[in-house]
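The chain is numbered in sequence order, starting from 1. For the numbers below, each heavy atom of this structure counts, side chains included, while hydrogens, waters and symmetry mates do not. Small disclaimer: the values here were computed from a predicted structure and weren't measured.
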Amino acid sequence: MTSTIKYLFVSLFILLSLSSHHHVVAVSGSGGTFRPVRAPSYPLAVRTPYLSAWLPGGQNGAQLAGAWPHFWTGAYLGWAGMISVDGVVYQFLGNPAEDFVATLPSVLQYDAEFTSTSTIFRSTAGPINITVIFLTPVTPMDLILQSIPCSYMSVHVESTDQKPHQVALYADINAAWAVGNIGLDIVASYEQRKMSPSSSGQSMHVHSVSPASPTLFGEVAQQANFGSAVFATNALPGSSVQSGYRVDVRNEFLHNGNLSNIIDSNFPRPANKSEPVFALSINLGMISSKSILDPVVFVIGHM
């Protein structure tokens with residue numbers, strides 16, 4: 001057996017040992033506890049070479065809030081998340097605080113964990129616990145599901161005291177998911193789409209962003225110069241949408257706890273001109289320690 005093969009076996013043994021539920025290694029740091037270890041980079045939405053978003057582990061102490069995700073090449077991707085608790089807004093994903101004159105606090109992250117299919121961040125936002133799970137499912141027995149070029153971010157909230165709290169969630173992406181050069185022109189659209197032709201009343205909010213001048217199977221800086229980046233969530237009661245200049249859209253949620261349902265139609269234009277974001281928000285209402293809520297799921301894909 002060659003030395004190379006021996007090293008491969010040793011590496012595989014170490015990875016399997018770290019992944020075992022019976023041999024979990026917890027590492028503590030400024031971002032809380034890291035399990036099974038503190039990773040050099042955390043997968044967020046990793047489905048295809050063109051849908052590959054990561055949180056660099058050496059950036060901002062491997063905390064989800066306060067740092068922007070990167071494409072696998074290292075290019076910046078805009079993906080922001082905020083939570084409003086009793087009118088106080090915290091950032092839990094990305095660094096939208098850079099757009100505000102007023103202080104926008106980050107959630108307090110106390111745990112980060114990764115498995116073979118998920119990356120999980122657990123934090124507190126005042127009296128609310130927030131768990132953010134990035135899931136890229138593996139379904140080898142269902143090739144149709146496996147071929148869907150999407151990843152999922154689910155957000156679960158729960159009260160940590162005996163009091164009810166008003167909670168709303170916000171998330172957005174920018175056009176860097178659709179083009180490898182933000183100086184290129186983009187086009188964008190929004191629609192409320194039925195989940196399936198047979199569904200009754202069930203629909204989704206869907207933002208789509210595409211290159212204005214696509215080239216079939218073309219690439220720019222390793223990113224696809226064709227197809228569309230898609231960002232969606234269920235059209236639940238209390239949900240709202242907006243697209244437009246990132247400062248205006250994020251300020252709308254910061255000050256009002258929801259979005260205006262105004263959709264930017266000023267396209268085509270360069271992705272970095274009045275940099276547009278494509279946002280979704282859900283008002284969860286009053287959350288108490290007895291509330292039983294399904295997680296809010298956001299879908300991101302490139303297709």
Side-chain angles (χ1 to χ4, degrees), residues 42-48 50-55 64-73 75-83 91-99 119 132-136 149-155 169-182 184-191 193 204-212 221 223-224 227-234 239-254 259 262-264 267 269-282 296-303:
Y42 287 85
L44 302 181
V46 181
R47 188 61 163 175
T48 73
Y50 302 133
L51 181 66
S52 186
W54 300 75
L55 176 71
L64 187 62
W68 292 112
H70 287 177
F71 190 55
W72 67 265
T73 60
Y76 146 81
L77 294 172
W79 195 2
M82 294 184 282
I83 179 172
Q91 61 180 8
F92 69 83
L93 168 62
N95 192 29
E98 66 186 19
D99 286 334
T119 303
V132 184
I133 302 175
F134 297 90
L135 171 67
T136 300
C150 294
S151 287
Y152 308 89
M153 177 179 73
S154 66
V155 183
L169 295 173
Y170 168 100
D172 73 44
I173 65 168
N174 73 351
W177 293 80
V179 289
N181 180 345
I182 59 173
L184 295 176
D185 283 359
I186 58 164
V187 292
S189 63
Y190 161 79
E191 65 175 315
R193 183 184 305 170
M204 299 187 73
H205 298 298
V206 183
H207 287 292
S208 298
V209 192
S210 311
Q223 287 186 246
S228 300
V230 176
F231 192 49
T233 194
N234 290 339
S239 61
S240 54
V241 302
Q242 191 173 343
S243 61
Y245 179 42
R246 69 174 200 278
V247 176
D248 295 340
V249 175
R250 292 168 182 169
N251 264 301
E252 183 73 21
F253 180 79
L254 178 68
L259 297 173
I262 295 174
I263 301 301
D264 190 346
F267 298 104
R269 75 170 187 259
N272 60 359
K273 181 180 180 181
S274 298
E275 182 186 349
V277 296
F278 309 92
L280 305 165
S281 176
I282 298 177
V296 175
V297 179
F298 298 91
V299 182
I300 190 161
H302 191 280
M303 56 190 69

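Test Val247, Val249, Asp248 against Val277 for side-chain contact (heavy atoms from CB on, under 4.5 Å) and you get one pass: Val249.
Inter-residue side-chain proximity for Leu51 and Pro149 is flagged as unmet; no heavy-atom pair is nearer than 4.5 Å. Between Pro69 and Leu55 the shortest side-chain heavy-atom distance does not fall below 4.5 Å. Inter-residue side-chain proximity for Val297 and Asn234 is flagged as unmet; no heavy-atom pair is nearer than 4.5 Å. Using a 4.5 Å cut-off on side-chain heavy atoms (C-beta onward), Trp79 and Ile300 make contact. In this structure the side chain of Phe298 never reaches within 4.5 angstrom of the side chain of Tyr152, judged on heavy atoms. With a 4.5 Å cut-off on side-chain heavy atoms, Val46 and Trp72 do not count as touching. When side chains are defined from C-beta on, Thr119 does not count as touching Ile133, because their heavy atoms never get closer than 4.5 Å. Residues Ile83 and Tyr170 fail the side-chain proximity criterion, which asks for heavy atoms closer than 4.5 Å.
Taking the ring centroids of Phe278 and Trp177, they lie at or beyond the 6.0 Å cut-off. Separation of the His207 and Tyr190 ring centroids falls under the 6.0 Å cut-off.
Side chain of Asn174 to main chain of Gly78: a donor-acceptor pair is present (N/O by atom type, distance under 3.5 Å, no hydrogens or angles). No side-chain donor-acceptor contact under 3.5 Å links Gln242 to the backbone of Ser281. Between the Ser240 side chain and the Leu259 main chain, a donor and an acceptor come within less than 3.5 Å of each other.
A distance of 12.0 Å separates OG in Ser239 from CG in Leu169, rounded to the nearest 0.5 Å.
When all heavy atoms of Leu77 and Ala176 are compared, the pair lying nearest together is CD2-O, 3.5 Å. The two atoms that bring Phe134 and Pro43 nearest to each other are CB-O, 4.4 Å, heavy atoms only. Of all the heavy atoms in Leu93 and Pro96, the pair that sits closest is O-CD, 3.6 Å.
Ser208 pairs by the side chain to side chain donor-acceptor pair (under 3.5 Å) definition with nothing, not counting sequence neighbours. Every salt bridge (Lys or Arg N to Asp or Glu O under 4.0 Å) that Glu191 has, sequence neighbours left out, goes to Arg193. By the side chain to side chain donor-acceptor pair (under 3.5 Å) test, Asn181 pairs with no residue at all, sequence neighbours left out. Partners of Asn251 by side chain to side chain donor-acceptor pair (under 3.5 Å), not counting sequence neighbours, listed by chain and number: His255. The side chain to side chain donor-acceptor pair (under 3.5 Å) test applied to Arg246 returns Asp99, Glu275, not counting sequence neighbours. For the ring pair (Phe, Tyr, Trp, His ring centres under 6.0 Å) test, residues two or more places apart in sequence or in another chain that qualify with Tyr76 are Trp68.
Checked for salt-bridge contact, Arg269 and Asp185 miss the test: no charged N lies under 4.0 Å from a carboxylate O.
Side-chain contact of Thr48 with His302: a donor-acceptor pair under 3.5 Å is absent, judged by distance alone.
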